[in-house]
Structure formats: structure tokens, C-alpha cells
There are 2 protein chains.
Amino acid sequence: MLNITRKVEYALIALRHMQSKSDNTLTSANEVAKQYGVPRELLAKTLQQMAHHNILEAVQGPTGGYKIVAELDQISLKDFFEKLEGPLGMMDCYFDSDCVQIANCNIRVPIQRINNNMRDMFSQMTLQEVTQ
Amino acid sequence: MLNITRKVEYALIALRHMQSKSDNTLTSANEVAKQYGVPRELLAKTLQQMAHHNILEAVQGPTGGYKIVAELDQISLKDFFEKLEGPLGMMDCYFDSDCVQIANCNIRVPIQRINNNMRDMFSQMTLQEVTQ
DNA sequence: TTATATACGATAAAATTAGTCCTATTTAAT
DNA sequence: ATTAAATAGGACTAATTTTATCGTATATAA
């Protein structure tokens with residue numbers, strides 16, 4: 001329960017790897033996949049997703065790869081998680097309002113309190129803190 | 001991602017329902033299942049689990065049911081979650097140390113930092129706060 | 001004796017997550 | 001030009017986890 005996904009895990013591994021390199025050096029999906037024993041295809045998709053969200057910049061062709069272009073201390077963990085996995089809520093009813101039991105639900109307010117606490121926590125942590 | 005389970009959800013619904021009743025009145029699984037449109041069997045198992053952890057007391061036979069016996073303000077959300085779902089960590093490697101990639105893993109420390117933050121947060125919230 | 005409750009193991013169904021496959025496009029190097 | 005190595009991304013399969021159900025036993029009030 002309350003686990004993060006492999007996708008996020010792989011994304012963090014890649015980011016941390018890139019940060020450890022000297023400036024502007026490109027990193028390919030292959031390089032990360034080999035070094036950390038991570039599935040190449042899934043990792044590649046994740047890198048593409050990060051590029052799409054302007055966290056990374058992609059360079060195509062051989063000798064291509066990715067590099068970090070965002071200010072990681074400006075991206076909260078909450079935003080990062082949501083970019084990769086969509087809205088972050090411990091219960092679906094936090095976002096869905098079509099729950100059929102809604103009239104009878106007695107834990108909506110309490111759960112939102114929990115959710116807010118968790119969202120606040122991840123809003124206060126930056127990607128930089130995690131990957132530095 | 002980072003969702004709580006239905007089991008925990010049902011447990012919270014049941015607790016909140018019991019708290020809203022006058023002292024020492026028993027509540028059956030059927031009663032909760034009907035009122036909140038929740039699967040009876042799964043709810044029953046969850047109530048049994050809470051009884052086993054001395055949060056509830058079970059009374060058998062017809063007219064039987066459950067009542068709260070624990071001090072809910074003495075039980076952290078972290079403990080509650082772990083009683084129902086086992087160790088609470090965003091990544092398995094927080095507990096498992098047999099990860100084959102461990103030698104190459106560059107995010108173990110960062111992830112544990114995140115995990116600790118989350119665990120701290122849930123350690124500071126009590127069941128009472130949620131169900132009151 | 002009956003009906004209704006808890007107790008609990010086993011299993012099935014559903015949903016989510018994880019991983020793979022395939023084809024296209026880009027581009028540096030030869 | 002051709003080749004090789006990279007990103008891009010859709011479709012699909014496999015694995016895992018979560019959710020729900022089934023079946024049987026036991027307890028006990030009426």
C-alpha cells in the first residue's frame with residue numbers, strides 16, 4: 001500500500017544518474033538500462049515522458065540522448081509524481097465525484113484531510129532534494 | 001499511485017460508523033455493508049482483522065457484532081495501516097534487502113528519505129483524528 | 001432447533017502495473 | 001547513399017496486486 005511505481009523509480013534513477021555527470025553530457029536510455037539493470041523499453045518511455053514535460057531535453061540520432069533542462073529545485077515531488085502518474089490521491093474519490101456510494105460515504109471529509117496532508121508533504125519536497 | 005486500499009477504506013468507514021453510535025452498542029458487518037454499500041465478506045474479514053489487533057472486540061452469535069475497545073487517539077495512522085496491510089513503504093526495497101540491483105542502485109538513500117517523511121507524517125496522525 | 005452472527009481458509013475475478021514487441025523517424029559516421 | 005544507434009510511440013502481453021466471492025465451521029440468542 002502507498003507504493004510508488006517502477007516508472008517513477010526508474011525516472012529517479014535516471015535523473016540521479018544524469019546529475020552525477022558533468023554538465024550537458026547526454027545520457028541514453030541504453031546507458032541507464034545497462035548500468036542499473038532496468039528494462040530499457042519502459043525506461044525509454046519514461047524518459048520520453050519527462051522530455052515531454054520539459055524536465056529533460058531529447059536529442060535524436062546516434063550519439064543522442066537526454067539531458068536535464070529543468071530546475072529540479074523548482075519541481076515539487078507532487079508535481080513530478082503527477083506528471084508521470086496522473087493525479088495523486090490516496091483514494092479515487094478525491095478526484096472522482098461519480099462514486100455511487102457518495103451519499104452514504106462517511107469518510108469523505110476525513111480522507112480528504114489525509115490526502116491534503118500527503119499532498120502538502122510532497123508539495124514541500126523538491127526533486128532536487130531527492131536526486132541530489 | 002500512493003493509494004490506500006479498499007480494505008483500509010472499509011475499516012475507516014466501519015470505525016467512523018461505530019463512533020457515531022452510543023456507547024457499547026454492537027455493530028454487525030451486515031449493518032455496515034448495507035448502509036454504505038460495501039462488500040459484506042471483505043468488510044467482515046477486515047473487522048475480524050481489527051478485532052485480532054484489539055482495536056475492536058467481537059461478540060459472536062445472533063445479536064453479536066463488534067465494538068471499539070481501543071483508544072483511537074493512541075493509535076497512529078501508520079500503525080493502523082500496518083496492522084491491516086503490513087509494512088508501509090513506498091518501495092519494497094525499504095524493507096527487502098534482497099534486491100539484486102542493490103549494488104548499482106543509486107536511489108536507495110533518497111527513497112528512504114522520502115519514505116521516512118511519509119512514515120513520520122502518518123505517525124503523527126491518529127485514528128481518532130480521522131474517524132472523529 | 002433455528003436463525004444470525006463471527007471465523008477463516010481457499011479460490012476466483014478484476015484491475016493495475018510492468019514489460020515486451022514492432023515500426024517509424026532522426027541523424028552522426030563511414 | 002548507407003549504416004548504425006538513438007529517440008518516438010502505439011499495440012500488446014505478462015505478471016502482480018487488489019478486490020470480491022464461496023464454502024464450511026463455530027458460537028449463541030431466541
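Residue numbering restarts at 1 for every chain, and letters A, B, ... go by the order of the sequence lines.
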With distance as the sole test, does Q112(B) use its side chain to make a donor-acceptor pair with the main-chain N or O of V109(B) at under 3.5 Å?
no

Under 3.5 Å: donor-acceptor pair, side chain of R16(A), backbone of P110(B):
no

Report, one pair per line, the protein and nucleotides 24-30 of chain C atoms (nitrogen or oxygen only) whose separation is under 3.5 Å.
residue, atom, partner, partner atom, Å
dT26(C), O4', Q60(A), OE1, 3.0
dT26(C), O3', Q60(A), OE1, 3.4
dT26(C), O2, G61(A), N, 3.3

Any side-chain to backbone donor/acceptor pair from E82(A) onto L88(A)? Under 3.5 Å, distance only.
yes

Would you say that L2(A) contacts I4(B) through its side chain, given a criterion of any heavy-atom pair below 4.5 Å between the two side chains?
yes

By nearest heavy atom, map V59(B) and E85(B) onto DNA chain D; which one lands nearer the 5' end?
E85(B)

Please give, in whole Å, the distance from dT26(D) C1' to Q48(B) CD?
12 Å

Would you confirm whether R6(B), through its side chain, and L42(B), through its main-chain N or O, come within 3.5 Å as a donor-acceptor pair?
no

Estimate the overall bend of the helix from dT1(C)-dA30(D) to dT30(C)-dA1(D) from the end axes over five pairs each, rounded to 10 degrees.
0°

Whether N30(A) contacts dA5(D) is assessed here as follows: a side-chain N or O lying under 4.0 Å from the phosphate OP1 or OP2. Is that the case?
no

Using a 4.0 Å heavy-atom cut-off to protein, can you give one letter per nucleotide of nucleotides 20-25 of chain D, 5' to 3': B if the base is in contact, S if only the sugar-phosphate is, - if neither?
SBBB--

With a cut-off of 6.0 Å (strictly less than), are more than 12 heavy atoms of other residues, nucleotides or ligands near CD of E71(A)?
no

Could you tell me whether A29(B) contacts a base, only the sugar-phosphate backbone, or nothing, with contacts defined as non-hydrogen atoms closer than 4.0 Å?
sugar-phosphate

Can you name the salt bridge (charged side-chain N to carboxylate O under 4.0 Å, His left out) partners of K7(B), sequence neighbours left out?
none

Who are the side-chain hydrogen bond (donor to acceptor under 3.5 Å, both in side chains) partners of T131(B), not counting sequence neighbours?
Q19(B)

Can you name the residues that form a side-chain contact (heavy atoms from CB on, under 4.5 Å) with K21(A), not counting sequence neighbours?
H17(A), T25(A), T27(A), E31(A)

